[in-house]
Amino acid sequence: MDAIRIAIIGHGFMGHEHEKMLTHMDGIQLIGFADIDPAQLEDVQEGLKRYSSNEELMSDPDVDVVLIAANNKYHHDLVIQAARAGKDIICEKPVAMNVEELDDMMKVVDECGVRFTVHHQRRFDPDFRTAKEIYDSGTLGNVYTIQSMLYGYNGNMHDWHVYVEEGGGMLFDWGVHLIDQILWMMPGKKVTSVYADLRNVINTEVDDYFKILMKFDNGVMAEIELGTYFLTDKMDDKWFERHWFIGGNKGSAYVDGFHPEGKIVRTAGLLKNVGGKRTMTAAGPTRSFGPPPEGKILTEKLPEVNTCHENYFENYIRAYRGEEDFLVKIPETRRVLALMEAVRESARTGEAIHFERG
C-alpha cells in the first residue's frame with residue numbers, strides 16, 4: 001500500500017521527536033516541515049522539504065496529513081486551516097485551549113470531511129500500561145484508589161511552556177496526559193466530582209504543581225499529583241521519578257518509574273474485626289501499623305507489557321487504511337478538556353465540582 005505522506009508544522013522538541021520516529025517507520029513518508037521561526041528548520045534532515053510558510057505546506061499536493069506540533073495556542077487556527085485545505089490532521093495535545101475552541105474546530109472538520117485525531121502517545125507508556133493491566137485483570141479485587149504521581153526537581157519549564165499566552169503550564173503540558181490515562185483506564189465510568197489544587201510554586205505565570213482528586217461512579221477515587229519542584233537527594237529512586245499505586249480489597253500494587261519496577265502485594269491472612277480484643281505488636285497495640293510479622297506480606301511480579309510510542313503511529317496507519325478505529329477519538333479529548341476546565345474552576349473556588357451525573 002502507498003505510504004501516508006505527512007508534513008509537520010513545528011520543528012521544536014516534539015517536531016524533532018516526530019522526525020526521528022517517522023523517518024524510519026514503514027507505512028509513513030515524512031515530507032517536510034514548516035516553522036514560524038526559520039532558524040528552527042536549519043537542522044531538518046536532508047531530503048525533507050523546508051516550507052517557507054504553513055500555507056505552502058498545506059497547499060502541497062504531496063501531503064496527505066498535516067501533523068501539528070506548534071505551540072498550544074496555535075492549535076485551533078492551524079486545525080481549521082488544514083481542514084479547509086482538505087488535509088487529514090493529527091494534532092499534538094492539548095488539542096485546544098478549551099472545549100469551546102475544540103467545538104469550533106470540529107464544525108470545520110466535519111464540514112470539510114477530513115480525518116482528525118490527537119497525539120496521545122502516552123497511552124502506550126509502559127508504566128501506564130502496566131498499571132492498566134493490573135486494573136483490568138481484577139487481581140486486586142474491588143479497587144478503591146488509583147494514584148498517579150510525577151515529580152521533578154528542576155522547577156522551571158522549557159521554552160514557551162513558561163508563558164500563559166502560549167498555552168504553557170504543567171496542566172496543559174503533562175496534566176492532559178495524566179488525566180487522559182486515568183479516563184482511558186476506566187472506560188465508561190463517570191467522573192462524579194473533581195477537586196483540585198493548582199499552584200505557581202516558583203514560576204511567575206504558569207502552574208508548576210497540581211493535585212487532582214476525581215471520584216468515579218464505580219467507587220474509585222483517582223488522585224493525580226505533579227510537581228516540578230520536588231527536591232530530593234535520591235535521584236536514582238524510581239519512586240521519585242514516576243509512581244503508580246493501586247489499592248483494592250484483595251491487594252495493592254505499586255509501579256515505579258517510566259520503565260517500571262514494582263510488585264503486586266498481598267497479605268497471608270487478613271485480620272478480621274475483633275471487637276474489644278487488643279493485638280500487641282513490637283510497635284505497640286495496633287493491628288494495621290508498624291512492622292508486619294514475618295511471612296505476613298506476599299508479593300507477586302508485575303505483569304509484563306511491551307508497548308512504546310511507535311504503537312500510536314502503527315494504529316494510525318491501520319486506522320487510516322480502514323483496518324481498525326483510531327485509538328484516540330475526539331469525544332475523549334473533549335472530555336479531558338472539560339475535566340481540565342473543572343480542575344481550574346475547583347482550584348479557583350476551593351470547592352469540589354460536580355462533573356458527570358446520571
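Ion pairing of Lys93 with Asp173 is present here, as a side-chain N (NZ or NE/NH1/NH2) and a carboxylate O approach within less than 4.0 Å. One finds no salt bridge joining Glu261 and Lys301 here, because no Lys/Arg side-chain nitrogen approaches an Asp/Glu carboxylate oxygen to under 4.0 Å. Electrostatic pairing of Glu223 and Lys211 counts as a salt bridge here, judged by a charged N lying under 4.0 Å from a carboxylate O. Salt bridge present: Arg123 and Asp180 bring a charged side-chain N and a carboxylate O closer than 4.0 Å. A salt bridge does not link Lys263 with Glu300: none of the charged nitrogens is closer than 4.0 Å to a carboxylate oxygen. At a threshold of 4.0 Å, the pair Glu345-Arg348 counts as salt-bridged, since one of the basic side-chain nitrogens sits closer than that to a carboxylate oxygen. Looking at Glu56 and Lys49, no side-chain N of the basic residue comes within less than 4.0 Å of a carboxylate O on the acidic one, giving no salt bridge. Taking the charged nitrogens against the carboxylate oxygens, Asp207 and Arg199 have no contact shorter than 4.0 Å, which rules out a salt bridge.
Residue-environment remark: CG (Asp26) stays at or below the threshold of 12 foreign heavy atoms within 6.0 Å. Other residues, nucleotides and ligands contribute over 12 non-hydrogen atoms within 6.0 Å of the CD1 atom of Ile297. The number of heavy-atom neighbours closer than 6.0 Å to CD of Glu294, taken from other residues, nucleotides and ligands shown, is 12 or below. Residue-environment remark: NE2 (His309) exceeds the threshold of 12 foreign heavy atoms within 6.0 Å. In this structure, Asp43 places its CG atom where more than 12 heavy-atom neighbours from other residues, nucleotides or ligands lie under 6.0 Å away. More than 12 heavy atoms of other shown residues, nucleotides or ligands fall within 6.0 angstrom of atom CG in Asp103.
The structure places CE of Met214 at 10.0 Å from CD of Glu356, a figure rounded to the nearest 0.5 Å. Rounding to the nearest 0.5 Å gives a distance of 5.0 Å between CD1 of Ile179 and CD1 of Ile224. Residue Ile212 holds its CD1 atom at 8.5 Å from CG of Leu339, rounded to the nearest 0.5 Å. Atom CG of Leu41 sits about 5.5 Å away from atom CG of Asp35, to the nearest 0.5 Å. Annotation: the span from Thr307 atom OG1 to Asp127 atom CG amounts to 8.5 Å, rounded to 0.5 Å. A distance of 5.0 Å separates CD1 in Ile134 from CD1 in Ile246, rounded to the nearest 0.5 Å.
Between the side chain of Asn98 and the backbone N or O of Glu100 there is at least one donor-acceptor pair closer than 3.5 Å. No donor-acceptor pair closer than 3.5 Å links the side chain of Ser193 to the backbone N or O of His354. No donor-acceptor pair under 3.5 Å is formed between the side chain of Arg50 and the backbone N or O of Phe33. Using a distance-only test at 3.5 Å, with no hydrogens or angles considered, no donor-acceptor pair links the side chain of Arg115 to the main chain of Ile89. With hydrogens and angles ignored, the 3.5 Å screen pairs a side-chain donor or acceptor of Glu332 with a backbone N or O of Lys329.
The closest side-chain heavy-atom distance from Asn72 to Pro94 is below 4.5 Å. Within the 4.5 Å cutoff, the side chain of Leu30 has heavy atoms near those of the Leu48 side chain. Contact of the Ile9 side chain with the Leu57 side chain is registered, since non-hydrogen atoms from C-beta on lie closer than 4.5 Å. Side-chain contact between Phe355 and Thr192: absent, with no pair of heavy atoms (C-beta onward) separated by less than 4.5 Å. Within the 4.5 Å cutoff, side-chain heavy atoms of Leu183 are placed close to those of Phe216. Taking 4.5 Å as the limit, some side-chain heavy atom of Arg84 sits within range of a side-chain heavy atom of Val108. Taking the side chain as every heavy atom from C-beta outward, Asp60 and Tyr51 approach each other to under 4.5 Å.
Taking the six-membered ring for Trp and thresholds of 30 and 60 degrees, Tyr151 and Phe240 have ring planes inclined between 30 and 60 degrees apart.
Side-chain N/O atoms of Trp160 and Asn71 include a donor and acceptor closer than 3.5 Å. Side-chain polar atoms of Asn54 and Gln81 form no donor-acceptor pair below 3.5 angstrom. In summary, the side chains of Tyr209 and Glu225 do present a donor paired with an acceptor at a separation below 3.5 Å, with no hydrogens or angles considered. No side-chain donor from either of Gln147 and His243 sits under 3.5 Å from a side-chain acceptor of the other. At a cut-off of 3.5 Å, with distance as the only test, a side-chain donor of Arg266 or Thr139 sits close to an acceptor on the other residue. The closest side-chain donor-acceptor pair between His76 and Glu101, if any, does not fall under 3.5 angstrom.
For the ring-ring contact (aromatic ring centres under 6.0 Å, His included) test with Tyr316, the passing option among Phe124, Phe116, Phe326 is Phe326; the others fail. Shown are His24, His18, Glu17, His16; of these, the side-chain hydrogen bond (donor to acceptor under 3.5 Å, both in side chains) with Lys20 is made only by Glu17. Here the options are Gln181, Arg242, His177, the test is side-chain hydrogen bond (donor to acceptor under 3.5 Å, both in side chains), and the partner is Ser148; only Arg242 passes.
Cation-pi contact between Arg5 and Tyr320: absent, since separation from the ring centre below 6.0 Å together with deviation from the ring axis within 45° is not met.
Val99 and Ala338 make their closest contact through CG2-N, 3.6 Å (heavy atoms, listed as atom of the first residue, atom of the second, distance).
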